[in-house]
Amino acid sequence: MIQFSHVTKQFDGTAALKDLNLTIDDGEFFVLVGPSGSGKTTLLKTINRLVVPTSGTVTIDGQDVSKSHLQELRRHIGYVLQTGALFPNMTVEQNASIQLDNLGWEAQKKHERIVELMTKVNLDPAQFLHRMPSELSGGEAQRVGIVRALAARPKLVLMDEPFSALDPVSRRQLQKIVLNLHKQIDTTIVFVTHDMHEAFLLADRLAVIHNGVILQEGEPDYLMANPADEFVKRFFDVDNSNTRLLKQVITSGLGRPLTKQDNVIRLQNSQTVYEWAGLLEKNPTQLISVDGEVLDQSDLISYVADLGKESSND
Amino acid sequence: MIDSVEAYASKNAGAILQALWQHVEISLIAIIITIMIAIPLAIALVNRPKIGEVISQLAGIIQTIPSLAVLGILIPFVGIGTVPAIIALVLYAIMPIFQNTYAGLTHIDPVLLEAADALGVTYRFKLFRIELPLAMPMILSGIRIATVLVIGTATLAALIGGGGLGTYILLGIQTNNNDALVVGAVLSAVLALLASWLIKGLSKLSFKKLGIGVLVVLVLGGGAWGWSALTKPAQTITIAGKMGGEPEILINMYKDLVEQDNPKIKVQLKPNFGGTSFLFKALKSGQIDVYPEFTGTVLQSLVKSSQKVNSDPQLAYQDAKNDLNKQFNMRYLKPMAYQNGYAITVRKSTAAKYHLKTIADLQRVGNRLNGAFDPDFYQQSDGYPGLQKAYHFKLKSARTMEPSLRYVALADGRVDVTDAYTTDPQIRQYHLVVLKDSKRFFPPYQGAPMMTNQFAKDHPNVVRSLKRLSGKITTSDMQEMNYQVTVKHHSAAKVAKQYLTQHGLLSK
């Protein structure tokens with residue numbers, strides 16, 4: 001259990017976090033979401049003391065982090081950065097076993113653990129263990145970053161916008177991998193993102209942060225239904241965001257019921273029309289199914305045409 | 001040109017190899033010391049940017065001081081020889097290594113450093129496995145720049161008796177021996193290129209292999225040094241000589257005589273050690289024990305005396321001996337027979353044609369002869385102007401000419417009269433005639449071993465051996481030996497041994 005109590009952080013006189021209180025339960029997938037500059041990353045970093053609060057305390061299982069042995073504390077917390085941040089002078093295996101090295105694991109046990117995790121993130125160990133980071137794609141590098149964070153079986157993993165720099169397809173794959181991993185292991189994940197859809201997709205619970213204050217916290221559906229104020233409402237109001245979800249296409253009345261003869265690709269209603277358009281680009285006759293409705297190329301054209309009417313009505 | 005360089009190199013192969021090794025040794029020690037200072041300093045200052053900046057500026061300022069000046073400044077503090085040379089080189093090399101290490105460490109992607117911190121790695125792991133390897137390309141390029149700089153600058157070590165390839169460059173300049181100059185310059189350039197190429201190759205190795213390599217070099221180097229220090233004979237005395245062939249022949253004779261008479265003493269020679277003031281300072285500070293010096297030089301450059309130099313060689317020696325004893329507490333042994341003073345020479349044919357025997361004979365025919373003189377000789381009152389007054393002669397024309405060129409010009413017939421040193425081998429080479437200084441205008445220049453009184457007291461046997469040369473070696477003997485060494489390129493040691501054996505001073 002992570003507890004923030006009255007956490008305030010000032011940078012050169014301006015407050016990045018203002019008297020913030022929050023509790024994250026064991027085993028939760030907790031997402032901190034907010035626009036850039038909201039203080040969400042600062043809050044995340046107070047957990048492993050990359051940021052030291054100006055006042056207030058952060059405790060993990062009742063233990064004040066400011067009183068813990070710094071390296072000891074960090075060696076038991078997984079950390080995934082935005083860009084993978086692999087060390088270019090080390091192989092994939094060396095990168096992945098850094099915490100294990102510092103914890104004094106035996107070579108054989110280290111190797112076995114890394115191989116096990118590599119397989120879980122869909123990287124073939126035989127092919128990837130001895131590669132250098134410069135030989136990896138962004139998605140592959142971030143998978144290694146995740147293996148590195150999970151290697152020491154931490155009770156807690158911190159992820160700081162880990163997928164924001166990836167292309168949509170890789171992002172999608174990694175989101176699935178992380179969700180699956182979280183289901184398999186008993187680990188608390190604190191995940192920072194500015195992408196509302198990502199927050200929805202991943203979170204058990206989430207907190208919306210703006211200007212160093214938590215505006216609201218709770219389960220995604222609850223927040224969606226009961227936004228605490230205008231800011232949260234707008235933040236969740238998908239119609240006002242630039243991203244168009246397949247859910248919105250269905251609710252606009254397009255599509256027809258799925259039949260057995262249809263050769264479809266299934267997509268989630270939280271996926272975007274852009275991913276759909278991407279599929280159509282490859283194969284214009286491709287059908288997709290969302291929530292039991294079948295959509296084809298003409299539906300996309302109708303939807304986009306309607307969007308134009310909407311904005312001209314504004 | 002290439003043939004003569006080749007001939008010179010093959011005749012002096014042993015000595016050149018020794019100088020090359022010495023050069024490598026000086027440079028390597030300087031670079032290792034610099035690395036051991038600059039890299040830890042940069043590591044310590046990475047998180048203290050203000051102090052780091054100051055040090056960086058300071059190292060930059062040191063580097064703008066001409067290396068020759070640094071050497072000069074250091075002499076009063078650390079004396080001469082290898083030590084000040086290495087100190088100067090270290091001062092020079094610190095900047096590129098420090099700055100590159102500092103820049104390499106401060107320019108690591110902050111995201112990687114954050115990742116390292118966040119993963120809770122130890123300080124050592126972060127430094128040796130992450131920061132240094134990431135900064136290594138920059139550090140190695142700094143070491144490469146410093147090494148090239150050091151190998152180049154190490155040629156200046158010869159100026160203060162540090163040895164190395166600079167000895168040949170200096171020798172080449174001073175004796176106008178282009179072969180020596182080329183050997184010194186080319187070897188040091190090749191050495192620099194080779195080192196640069198080697199370090200470039202090292203940058204492709206992994207950090208771990210690099211560390212092991214450095215360790216192996218250190219252990220081997222330390223071992224070799226320790227072994228050589230341990231196996232040194234109990235008593236070693238050091239005899240040095242000025243630049244050129246003649247001093248080298250003399251000190252080889254000293255060595256042969258001392259070692260024959262005193263089997264327990266080992267004589268270490270430092271030929272081409274430097275100029276007068278360096279040698280004298282080295283003698284005073286005890287870095288060398290003995291070196292041969294001329295009476296004329298003692299009286300004119302070393303001791304303070306209000307009197308004019310006595311033209312009688314015996315009296316001049318007495319003056320030099322007394323003044324050295326009184327003013328510097330030094331012992332000056334009896335000189336050898338030969339004179340290596342100024343002289344006036346003409347071609348054999350000219351001498352025959354005009355019946356020239358003494359300088360006074362120029363009164364008769366001087367207005368038919370053209371003269372060319374060393375620039376110093378041409379200006380000094382004890383040179384050409386004074387000579388003209390003393391002998392009342394006038395030449396058809398007189399101009400200055402680079403010392404070694406004037407012999408060639410004389411031999412070619414472009415000029416008829418030049419100044420010379422009495423033992424110069426060119427006199428024999430070009431069959432020149434030395435005109436007699438009947439009025440004893442030129443001060444006497446007789447060579448004799450010089451040492452501190454303390455050394456003479458502690459080593460009576462060495463003094464006894466050195467005294468055996470007094471009154472020996474005539475001017476023509478010396479001329480002949482100089483000819484063998486500087487023109488024929490025989491080794492000084494061989495020529496010296498030959499003379500001693502022939503004259504019964506050394507048993508075979």
Side-chain angles (χ1 to χ4, degrees), chain A residues 41 44-52 65 68-91 94-104 132-134 141-142 144-152 154 156-162 165 190, chain B residues 35 39 42-43 46-47 49-50 100-144 199-215:
Chain A
T41 295
L44 180 86
K45 287 180 178 175
T46 60
I47 300 173
N48 64 355
R49 264 169 72 191
L50 285 174
V51 169
V52 177
V65 295
S68 311
H69 179 274
L70 185 63
Q71 267 95 32
E72 200 56 38
L73 169 81
R74 289 173 174 172
R75 261 169 235 164
H76 290 97
I77 299 178
Y79 193 69
V80 184
L81 292 88
Q82 198 171 14
T83 57
L86 302 181
F87 300 105
N89 56 313
M90 301 181 196
T91 64
Q94 286 169 333
N95 262 292
S97 31
I98 283 178
Q99 277 187 321
L100 305 185
D101 285 338
N102 281 274
L103 286 166
M132 299 307 282
S134 58
Q142 199 55 286
V144 178
I146 291 167
V147 171
R148 179 170 73 182
L150 294 176
L156 171 62
V157 176
L158 309 179
M159 298 192 178
D160 184 11
E161 305 213 30
V190 184
Chain B
I35 289 174
I39 293 182
I43 291 169
V46 154
N47 295 319
K50 274 185 191 158
N100 273 40
T101 308
Y102 189 77
L105 289 173
T106 46
H107 283 76
I108 296 172
D109 184 352
V111 169
L112 294 179
L113 295 179
E114 186 188 300
D117 286 337
L119 295 171
V121 301
T122 61
Y123 177 77
R124 258 185 36 201
F125 188 96
K126 188 177 171 192
L127 181 63
F128 289 104
R129 296 282 307 275
I130 296 169
E131 290 179 300
L132 283 177
L134 290 177
M136 198 41 73
M138 284 284 276
I139 296 175
L140 277 174
S141 104
I143 293 177
R144 199 157 60 89
I199 295 169
K200 224 177 195 167
L202 287 182
S203 64
K204 294 193 181 82
L205 291 180
S206 75
F207 187 63
K208 206 170 175 181
K209 281 182 196 153
L210 214 63
I212 293 169
V214 168
L215 215 69

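Chain identifiers are assigned alphabetically (A, B, ...) following the order of the sequence lines, protein sequences preceding nucleic acid strands; residue numbering begins at 1 within each chain. Not measured: the values here are computed from a predicted model.
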Peer 1: Hey, which of B/Leu119, B/Val121, B/Ile130 has the most heavy atom pairs under 4.5 Å with chain A?
Peer 2: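 With the most close heavy-atom pairs to chain A, the winner is B/Leu119.
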Peer 1: Please identify, among A/Glu72, A/Lys45, A/Gln99, A/Arg148, the residue contributing the most non-hydrogen atom pairs under 4.5 Å to chain B.
Peer 2: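 So the answer, after comparing A/Glu72, A/Lys45, A/Gln99, A/Arg148, is A/Gln99.
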Peer 1: Got a second to check how far B/Thr122's OG1 is from A/Asp101's CG, nearest 0.5 Å?
Peer 2: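 Here the rounded value is 9.5 Å.
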Peer 1: For side-chain hydrogen bond (donor to acceptor under 3.5 Å, both in side chains), just list the numbers for A/Gln71 and B/Tyr123, CA-CA rounded to whole Å, side-chain angles, deciding distance to a tenth of an Å, and then say yes or no.
Peer 2: CA-CA 9 Å; A/Gln71 267 95 32; B/Tyr123 177 77; over 6 Å; no
Peer 1: Can you tell me how far apart CZ (B/Arg129) and CG (A/Asn102) are? Round to the nearest 0.5 Å.
Peer 2: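 The CG atom of A/Asn102 is 8.5 Å from CZ of B/Arg129, to the nearest 0.5 Å.
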Peer 1: What part of A/Leu70 gets closer than 4.5 Å to chain B, counting heavy atoms only: side chain, backbone, both or neither?
Peer 2: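 A/Leu70 has no heavy atom closer than 4.5 Å to chain B.
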Peer 1: Of the backbone (N, CA, C, O) and the side chain (C-beta and beyond), which part of A/Leu103 lies under 4.5 Å from a heavy atom of chain B, both, or neither?
Peer 2: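 Neither; nothing under 4.5 Å.
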Peer 1: Check B/Ala118 against A/Tyr79 and note the closest heavy-atom contact, atom names and distance.
Peer 2: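 Here B/Ala118 and A/Tyr79 meet closest at CB-CD2, 3.3 Å.
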Peer 1: Starting at CD1 of A/Ile98, measure out to NZ of B/Lys126 and round the result to the nearest 0.5 Å.
Peer 2: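 A/Ile98 CD1 to B/Lys126 NZ: 12.0 Å, rounded to 0.5 Å.
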Peer 1: Under a 4.5 Å heavy-atom cut-off, does chain B meet the side chain of A/Leu73, its backbone, both or neither?
Peer 2: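 Looking at A/Leu73, nothing touches chain B.
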Peer 1: Which residue out of B/Leu134, B/Leu112, B/Val111 racks up the most heavy-atom pairs below 4.5 Å with chain A?
Peer 2: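 Of the candidates given, the most pairs with chain A belong to B/Leu112.
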